[in-house]
Amino acid sequence: MVADRTAGSGDGSEGEKEMDQEAPASDEGRGHGDRDEETAVSASEGPAPSEGPPGEAAEPRKWKGAVMFLCFYGFMMSIKPGEPFITPYLLSPEKNLTREQVTNEITPVLTYSYMVVLVPAFLLTDLLRYKPVLIIQGVSQVVIWLILLLGSSLLEMQFMEFFYGITMACRVAYSSYIFSLVTPALYQRVAGYSRSAVLLGVFTSSVLGQLFISVGEVSFYTLNAISLGFVSFGLALSMCLPWPKRSLFFNRTRNQEQAASAVASTSELDKMNPKESASTPAASASRWRDSVFVQMLLEVGNVARRPNLRLWSLWWVFNSTGYYLVLFYVHILWNKVHPVTENKNVYNGGVEAASTLLSALTSFIAGYAKIRWNVWSELVIGVITALQAGLLLLMGTTDNIWVCYMAYVLFRGFYQFLVPIATFQIASSLTKELCALVFGINTFLGTVLKTIINLIFSDKRGLALDVHSQFLVYFVYFTILTVVYLVCAAVVIIRHYRNQRGGGGGGGGGGDSEQVASTELSPVAAESEPLSNGKSANAETTVST
């Protein structure tokens with residue numbers, strides 16, 4: 001089933017969002033770390049309200065206590081030691097499902113469920129102010145492990161995947177919740193705290209699961225019962241979370257409209273005829289156009305015209321699609337390369353723990369990468385995508401399980417190296433509200449693409465390929481992306497050096513202006529063009545921070 005039921009990458013994810021430079025979500029082989037990862041990415045990328053109440057600065061102990069409790073919740077919700085072993089459990093005599101059923105009938109349900117629930121979860125998270133969505137997530141996780149323990153039929157396992165989709169979609173609530181607790185000046189710090197808590201939980205969960213299997217020699221059933229205990233505790237913690245008073249779009253919009261109506265009520269026209277002025281179609285249309293959410297939707301068109309943001313958004317959509325497809329099916333591949341004979345010979349938990357550590361390390365290193373991204377972005381993406389394609393070919397053709405394990409660890413590490421770079425490049429020149437929306441759109445488009453690929457190649461209603469054939473399809477997919485990136489890189493580099501030779505020291509954006517550009521992982525230069533609401537990008541960012 002899937003390799004990424006738990007947590008953290010960064011991603012996620014899903015969209016998702018600021019400004020933890022190691023973000024991502026995130027979602028999500030049945031293993032660990034990545035189903036959460038997708039959403040963790042999507043949220044640690046995506047922020048929340050732009051202003052905090054003055055009381056937060058005056059009461060540091062209050063917000064610190066709330067942040068610590070939320071991080072503890074994030075750590076605990078990531079501990080599900082049975083998660084890396086769900087696929088071996090389904091294929092074991094205890095459940096007696098066939099590999100074809102797991103590959104072509106059960107696992108695809110996860111992607112379909114996630115796609116359907118993602119947008120409602122994103123909107124309800126903001127409308128309901130986080131806590132109810134976190135409770136729904138906790139209930140879904142309890143249902144998942146109850147089905148794993150008590151269910152046995154194909155239909156019941158499909159329902160289990162359906163609830164996994166709900167769980168993944170609801171993870172955006174955790175990632176954005178923390179921004180409602182502090183002022184904007186603290187966003188980056190608390191995003192790092194929440195992300196570290198999830199990563200630590202994923203690592204701890206993977207290690208515990210492997211120790212239970214290899215040292216304790218517990219059965220898969222007992223391991224899942226332990227996981228049920230942990231997720232039940234996480235549900236109890238979610239009910240104790242404080243209820244934020246503000247959120248990103250809806251509640252903020254209501255406050256703005258109330259303030260606007262209060263100001264408008266002082267006009268002479270309102271004093272003379274308040275009912276008529278409040279009910280005119282023009283006034284209603286104006287309020288609709290001025291709402292924050294609508295202005296953010298209009299602004300997406302402006303974002304699409306920025307080449308660097310467009311490049312990294314497309315990388316997010318296409319490469320995250322391939323990445324999560326690999327994670328969803330890699331545990332099935334491992335079981336085929338090395339069929340389970342004894343529980344103690346399954347090392348899924350150890351591999352997930354190692355890949356989580358490498359992912360955290362590469363994400364950290366990416367924050368210190370000194371590259372002129374406006375020139376070399378396409379080339380870096382192309383080279384890393386080529387390496388991932390080679391690793392996929394190796395995974396799809398090798399008969400050595402340890403080679404397969406190592407290729408998977410490296411595959412995840414390469415992806416996680418680019419996640420913080422993409423997060424920062426996309427988010428650095430956007431308002432916080434627009435950042436959340438852009439990452440949400442990117443996550444949704446990636447989920448739609450995953451659904452299409454699943455339907456064609458994995459689902460029994462499509463080609464219903466076996467897992468080795470699917471990995472060859474993923475190899476071809478990453479190879480096509482590599483060719484596109486390298487061609488684009490050649491065009492950009494040739495144009496850059498032509499401009500250097502032809503532009504001399506001119507001020508038209510030629511050589512000298514690019515030579516002095518920062519070589520570090522730095523923000524994309526903000527565009528001077530006005531936003532759809534009439535403000536410049538720099539001004540808007542200043543306002544929201």
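Keep in mind that the numbers below use all heavy atoms, side chains included, and drop hydrogens, waters and symmetry copies.
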Shortest non-hydrogen contact from Ala169 toward Val172
O-CG1, 3.4 Å
Let me see the working for Leu148 and Tyr221 under side chain to side chain contact (heavy atoms under 4.5 Å, CB included), right down to the final yes or no.
CA-CA 8 Å; Leu148 283 171; Tyr221 184 90; over 6 Å; no
Would you please indicate if the ring centroids of Trp145 and Phe230 are separated by under 6.0 Å?
no
Which of parallel (below 30°), tilted (30 to 60°) and perpendicular (above 60°) describes Tyr329 and Tyr474?
tilted
Taking side chain to side chain contact (heavy atoms under 4.5 Å, CB included) as the test, write out the residues that go with Pro132, two or more places apart.
Leu128, Trp243
Which heavy atom of Ser377 sits nearest to which heavy atom of Asn308, and what is that distance?
OG-OD1, 4.1 Å
With sequence neighbours left out, what residues match Leu357 under side chain to side chain contact (heavy atoms under 4.5 Å, CB included)?
Phe203
Measure the spacing between CE of Met76 and OG of Ser238 and express it to the nearest 0.5 Å.
12.5 Å
Whether over 12 other heavy atoms sit under 6.0 Å from Phe69 CZ:
yes
Would a line drawn from the ring center of Tyr408 to the ring center of Trp334 be shorter than 6.0 Å?
yes
Look at the aromatic rings of Tyr415 and Trp315 and report parallel, tilted or perpendicular, splitting at 30° and 60°.
parallel
Give me the ring orientation class for Trp402 and Tyr347: parallel if the planes are under 30° apart, tilted from 30 to 60°, perpendicular past 60°.
tilted
Roughly how far apart are Leu235 CG and Leu228 CG, rounded to 0.5 Å?
10.5 Å
Basic-acidic side-chain contact under 4.0 Å: Lys95, Glu156
no
Quick one: pull up CE in Met160 and OG in Ser113 and give me the separation to the nearest 0.5 Å.
11.5 Å
Show your reasoning for whether side chain to side chain donor-acceptor pair (under 3.5 Å) applies to Thr222 and Ser219.
CA-CA 5 Å; Thr222 303; Ser219 66; 3.0 Å; yes
Does atom OH of Tyr477 have more than 12 heavy-atom neighbours, drawn from other residues, nucleotides or ligands, at distances under 6.0 Å?
yes
Less than 3.5 Å apart, any donor N or O on the side chain of Asn454 or Thr111 sitting next to an acceptor on the other?
yes
In terms of heavy-atom contacts, Pro81 and Ser205 come closest through N-OG, 3.3 Å
So, taking the atom named OG in Ser355 and the one named CZ in Arg412, what distance separates them when rounded to the nearest 0.5 Å?
3.5 Å
What verdict does the side chain to side chain donor-acceptor pair (under 3.5 Å) test give for Tyr323 and Gln416, after you've listed the backbone C-alpha separation in whole Å, the side-chain angles of each residue and the deciding distance to 0.1 Å?
CA-CA 10 Å; Tyr323 173 75; Gln416 298 305 332; 2.8 Å; yes
Point-to-point distance, once rounded to the nearest 0.5 Å, from CD1 of Ile166 to CG of Leu118
12.5 Å
Indicate whether any N or O donor in one side chain lies under 3.5 Å from an N or O acceptor in the other, for Tyr114 and Glu161.
no
Check whether any side-chain N or O of Ser214 sits under 3.5 Å from a backbone N or O of Leu211 as a donor-acceptor pair, and report yes or no.
no
Quick check: does any side chain N or O of Gln210 sit under 3.5 Å from a backbone N or O of Val346, one acting as donor and the other as acceptor?
yes
Are any side-chain N or O atoms of His331 and backbone N or O atoms of Phe85, one a donor and one an acceptor, separated by less than 3.5 Å?
no
Return the minimal non-hydrogen interatomic distance between Trp316 and Ile426, and the atom names on each side.
CE3-CD1, 4.5 Å
In Å, rounded to the nearest 0.5 Å, how long is the span from OG of Ser227 to CD1 of Ile86?
7.5 Å
In terms of relative ring orientation, are Phe75 and Phe72 parallel, tilted or perpendicular, with 30° and 60° separating the classes?
parallel
